[in-house]
Structure formats: C-alpha cells, structure tokens
Amino acid sequence: MGRIPCCEKENVKRGQWTPEEDNKLASYIAQHGTRNWRLIPKNAGLQRCGKSCRLRWTNYLRPDLKHGQFSETEEHIIVKFHSVLGNRWSLIAAQLPGRTDNDVKNYWNTKLKKKLSGMGIDPVTHKPSSHRMWGRGLGIMFALPFSYFLRKGYITLRLGVQLSGLFALGAGQGLIGWWMVKSGLEEPPSEYSQPRVSPYRLAAHLTSAFAIYCGLFWTALSVVMPEPPAESLAWVRGAAKVKKLALPVSLIVGITTISGAFVAGNDAGRAFNTFPKMGDTWIPDNIFEMKPLLRNFFENTATVQLDHRLLATTTLIAIGTMWWFTRKLDIHPAVKALIGSTVGMTAVQVTLGVLTLLSYVPVSLGSAHQAGALTLLTLMLLLNHTLRRPSPSLLKSLPQVAKSNFS
DNA sequence: AAACGCGTCAACCGCATTCGA
DNA sequence: ATCGAATGCGGTTGACGCGTT
C-alpha cells in the first residue's frame, strides 16, 4: 500500500525550510497573497507541496506572529481556556493574537502540563490532584468526628490536647507539602540543573508523615488500652528490663526511617545498585566531596545511601541483640511475640531494601519498602506501648507470679 | 570521546470540515 | 444539491541542541 504523502508529485522536498525557501515563499505571498496553496509552490519555484508551504507560512513566516517566550498573561489565558475547551488548540490560539495553534499546543505539552501537575493540579481535569484532596479530606475526617465526640464529652482534656497537637501536625504537613512542590517549580539556581523537589523538603514531608502516623497510632492505642497487659509483678519487672533495650532500638529504627526519607529525597537509590559493596568499593571515595562536610550527609547521593546501609545494618543487629537478650526472660507472651515479629519484619525490610536497590527502584518495590518501614515502626510502637509501666493502683492488685495457664 | 538521554519545536500525517464548481 | 479538492485541526514524529555518562 504505497501511500502518497499529500501530493502526487515525486520531487517534493521535505524537512526543515532553508532561508532561501522562506524568502521565495514570503516574497511570492507578499505579491500574490494566499489564494490557492496547491499552486503557490509551483508558481514560487519551490520544490514543496502546498500543504508544507501553508504550514510554513501560518506557523512561521506570517508577519503578524509573535515569536518570543509566552508571557505570564498569555500563560494564564491558555490555562483558563484549556480548562473549559480542552485540547481545542485553534480556539485557544484565537484568544492569543500572534500565536498559532501549534505554538500553544507545543507550549502546553512541554511546559504547562508539568507546571500544573507540579502545583498539584491535574492537567487533564484542572482539579487538584488526588494526593492533595486526600490530604484535605483527611483534615475533615479528623475534624468532624473530633467535634462530635468533644460535644458528647468523650474526650478528656489530656486526649483533647494530644489530638489537637496531631491535628496541627497534619495541617503543618499540608504546608510542608505545598512548600515542597513549590521548590520543584522555582527556577533552578544555575542554568544547567533540573528544577526538582528539594531533598530536604521531601524528607521533611515524609518524616512528618511518619511522625503523625506514630502519634495517631500511639494515641489510639492509649485510648483502647489504658493499661498495659500485666498479670504479675514478675512480668512487670521483665517488661521494665525489655524496655531498656526497646527504647534505644526504637530510636535507631526511627533514625533509619528518616535516613530512608533522605534516600528518597535524593533519589539516592538510583546509584550504586550493588550489594553489599557500593560499586567496586565498600566505601565510595567521594562521600566527603561536598564543601561543608555536613552537607554530604543530606545531599551527597553516595553518603546518603551509605548512611542508610549502615543504619539499616545497625537496626538489624540491634533488633537481633534485643531478641537474644530477652529470649530467656520471664515476660508476658505478647511481648515475646512482638519481639519475634520485629525480628521477622526487620529481616523482611532489609531484604526488600536490598531488592529495591538491586532492581533500580521500581515504584512497586520502593513503595513496599516504605510500607515495610511503616510496619516496623508500628511494631516498635506496639512493643513500647505494651511495655509501659502499669498505674500504681493496678500494680498494687497484681500477684507476684502469673497464674500459669501455660509454661 | 562517543553514546546516550532529554526537552524543545518545526514539521508531518491522516482525518474532518468547508468550499466551490 | 453534490462531489472532489482545499483547508483546518489535533495528535504524533523526528531532527536538533545540549548536558551527562
């Protein structure tokens, strides 16, 4: 099926127009106007098809065309009309004297689409994108029941303060999110460097999300379980011992999670995709290459990733150690189960992390690794919550040793 | 240094609509 | 009023320049 492009003529030139051709076409049109595009190339002595000439004229040579950058006003007009007209480029271009449909279409596809989605607006529907809507929705989902329960008198002063604090954190989270995408829009500091979301702000957004989650989970646990499970004084003493280990271990888990947020912020998982070595060496030689030494820990891909590897390993060892030293203690079986779960979850999480790295951070594995971090944090919270010291009144009522319904 | 990746933009292609004999 | 040619339109392509590996 040999399809003839647009005109039957074999000897038509295609591709970029030369200045000579432009001159021929422009001067011909200046004399004769644009009556019949089919005849124009013949009469003007051009080896082009009429369609090509028309395109060249309307999109480039026409004297009433504007050529420079789009102004801010023009940009607003495009966005506004696109939101009601959709991809009706010629209609939109009609609102902008001196611009063609092709110009507008190109500008939309190359610049405006990205700009809008960067501002959290979906370029197809012109509505705020789902992530933001979820954020706002969550605010309402929190506030409505809160005011209801408050009126009903279910909320104690202490709980009210806690919940208000969490709500404020949530609002702050929205602000950080806005501040974050804003950084992706600002002009890059130098001409060569892609504008992108600041690693600090992304890390802050992520860390804050984890913090809010932890706060919510802890608060919820405290409402559901005002007293820790404690059936004997022996178990209470055991819990106190475990707690000495569990607290620092939780701290390490928390720090590792934050370090993971910086890995995400710097896209640091897209380099050194080998394990256990980083490339050919154990420690890359440029880890202290940036000027203020401290900056390396937050912005240097190699250092950030190395940190996370070290911290993750430390976490694994720490949790293993906690399990080892508590395995023979006389403690509540729930605590034992929890410690076992943390060991298992840490192993899963480390494996996931290594897999994610080795396969160049596919979204699925990256998300799974993030979810794993959340799960591990949850387990640590559960553990610490379970290990709280019972209230004095409960302590008084406890027997020395638990009634052994199992050994 | 060569290959590669990426953004930009002019140009192309095929279909839809309008025009004019 | 009708039918083929001309024109309009929007999605898509690909050449080019530039920076990175």
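The chains referred to below are lettered A, B, ... by the order of the sequence lines, with proteins before strands, and numbering in each begins at 1. Worth saying up front: this structure is predicted, and the values here are computed from it rather than measured.
- Remark: the backbone N or O of A/P276 is paired with a side-chain donor or acceptor of A/R309 at under 3.5 angstrom.
- If you take CZ of A/R38 and C1' of C/dA6, they are 8 Å apart, rounded to a whole angstrom.
- Across all strands, A/R54 comes closer than 4.0 Å to base atoms (heavy-atom distances).
- Atom NZ of A/K113 and atom P of B/dC9 are 15 Å apart (whole Å).
- The local environment of CD1 in A/I283 is sparse, with at most 12 non-hydrogen atoms from other residues, nucleotides or ligands closer than 6.0 Å.
- Rounded to an integer number of Å, the gap from A/N59 CG to C/dT7 C1' is 14 Å.
- Looking at residues two or more places apart in sequence or on another chain, you find no ring-ring contact (aromatic ring centres under 6.0 Å, His included) involving A/F81.
- Going from atom CH2 of A/W57 over to atom P of B/dA11 covers 14 Å, rounded to whole Å.
- Whole-Å rounding puts the A/R99 CZ to B/dC9 C1' distance at 13 Å.
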- [ ] Dump the intermediate steps for side-chain hydrogen bond (donor to acceptor under 3.5 Å, both in side chains) on A/S259 and A/D307, then the final yes or no.
- [x] CA-CA 7 Å; A/S259 128; A/D307 275 348; over 6 Å; no

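- If you measure from atom CG of A/N273 to atom P of C/dT21, you get 14 Å, rounded to the nearest angstrom.
- Between A/S90 and C/dC9 there is a side-chain polar atom (N or O) within less than 4.0 angstrom of OP1 or OP2.
- Taking atom NZ of A/K114 as the reference point, atom C1' of B/dC9 lies 12 Å away to the nearest angstrom.
- With B/dA10, C/dA6, B/dC12 as the candidates, the nucleotide lying closest to the side chain of A/D103 is B/dA10.
- A salt bridge is absent between A/R56 and A/E21: the closest approach of a Lys/Arg side-chain nitrogen to an acidic carboxylate oxygen does not fall below 4.0 angstrom.
- A/R62 CZ: more than 12 foreign heavy atoms inside a 6.0 Å radius.
- The aromatic rings of A/F288 and A/F297 sit tilted relative to each other, their planes meeting at an angle between 30° and 60°.
- Side-chain atoms of A/K51 come within donor-acceptor range of the base of B/dG14, with a qualifying N/O pair under 3.5 Å.
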Could you run down the sub-3.5 Å N/O contacts of the protein with nucleotides 11-17 of chain C?
from: C/dG11; atom 1: OP1; to: A/N87; atom 2: ND2; distance (Å): 3.1
from: C/dG11; atom 1: OP2; to: A/W89; atom 2: NE1; distance (Å): 2.8
from: C/dG11; atom 1: N7; to: A/K105; atom 2: NZ; distance (Å): 2.7
from: C/dG11; atom 1: O6; to: A/K105; atom 2: NZ; distance (Å): 2.8

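- Distance, A/K111 NZ to B/dG7 C1': 9 Å, rounded to whole Å.
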